[in-house]
Structures are given as structure tokens and as C-alpha cells.
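One is the number of the first residue; the rest follow in order along the sequence.
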Amino acid sequence: QVQLVESGGGSVQAGDSLRLSCAASGRTFSDLSVAWFRQTPGKEREFVGGMTWTGRSTQYGDSTQGRFTISRDNSKNTMYLQMNNLKPEDTAVYYCAATYSTTSQALATTGNMDYWGKGTLVTVSS
């Protein structure tokens, strides 16, 4: 089992930056591919970005490409989501997730994730 705990959410102004963290425990974090998703009320969970277990491949959603960056520090069992130039439409609950899938194609699908955090709220005001 893997436990994931997000932190770093909060309320910011449009154009600001924010960094989310996701701390993992329970299994070898370096074996896991990781991803971030977000969700707003009444909508499906949306893929934000992901990184394979090797760290060699990353993918981003269309709405976050170029503004958000995923990174991981295996020595700290932690993954990060750096969010720049935030927009009001980025307001959502952000979830980190992890999977034993090894391909980058698997990252964008919620059904491929094996573990989920409970989420952290990001609110961006105009």
C-alpha cells in the first residue's frame, strides 16, 4: 500500500505561482509513476500532468502545458507540481496519484492510477 498526502494548496491571485507537494509513504516511491489530476464540482477529474517512474518522460494536459511543471525527489519520497501564471479556471481540488504502470501513455487516465491522495484545494481569484 502507498499513502499519498498533498499539501501546498491555498488561495492566490491570477498570475501568481503556487507549488503543491505530494508526500508518499508505504512502498518504494521510485518504482511508481506519478500524476496530478484536478476536479471541480460537477466535472470529471482532469489530467494535469504526470511523470514516469524513471523521470525520463512527462506529459501535461492541454490546459496546463507550458505553465505547470512536475518534478519528483525520490530521496524525499515526494513529487511536486509547480504552477505558474495561475488563472481563475485553474481553481479546483488537486489530487496526486501513483501507478505501477511504466508507460507515459498510462498517466493521463484515472483508471490507471493505483493510489490517490485526498486532494488539496487551489483557489485562484481574478
### Distance-only donor-acceptor check, side chains T99 and N112, under 3.5 Å
no
### Task
Drop me the distance from R67's CZ to K87's NZ, to the nearest 0.5 angstrom.
4.5 Å
## Note on the structure
Shortest non-hydrogen pair, P88 vs S126, comes out as CG-CB, 3.9 Å
### Query
About how many Å separate CD1 of I70 and OG1 of T64, when rounded to the nearest 0.5 Å?
7.5 Å
### Task
Mark yes or no: R72 above the aromatic ring of F29, with NZ or CZ under 6.0 Å from the six-membered ring centre and no more than 45 degrees from the axis.
yes
### Task
Anything under 30° is parallel, anything over 60° is perpendicular, the rest tilted; go ahead and classify F37 against W116.
tilted
### Message
I need the S104 OG to M51 CE distance, nearest 0.5 Å.
### Response
12.0 Å
### Query
Would the W36 and F68 ring centres measure less than 6.0 Å apart?
no
### Query
Heavy-atom distance under 4.5 Å between the side chains of Y60 and T69, does that happen here?
yes
### Query
Would you say the side chains of T52 and T54 form a donor-acceptor pair under 3.5 Å?
yes
### Heavy-atom pair with the smallest gap, counting every atom of D31 and Y100
O-CD2, 4.4 Å
#### Entry: Pi-cation contact, Y95 with R38 (under 6.0 Å, within 45°)
no
### Task
Please report the closest heavy-atom contact between C96 and L4, naming both atoms and the distance.
SG-CB, 3.7 Å
### Message
What I want to check is whether the side chains of N84 and S17 have a donor and an acceptor closer together than 3.5 Å.
### Response
yes
### Task
Verify the distance criterion only: is there a donor paired with an acceptor across the side chains of E89 and T40 at less than 3.5 Å?
no
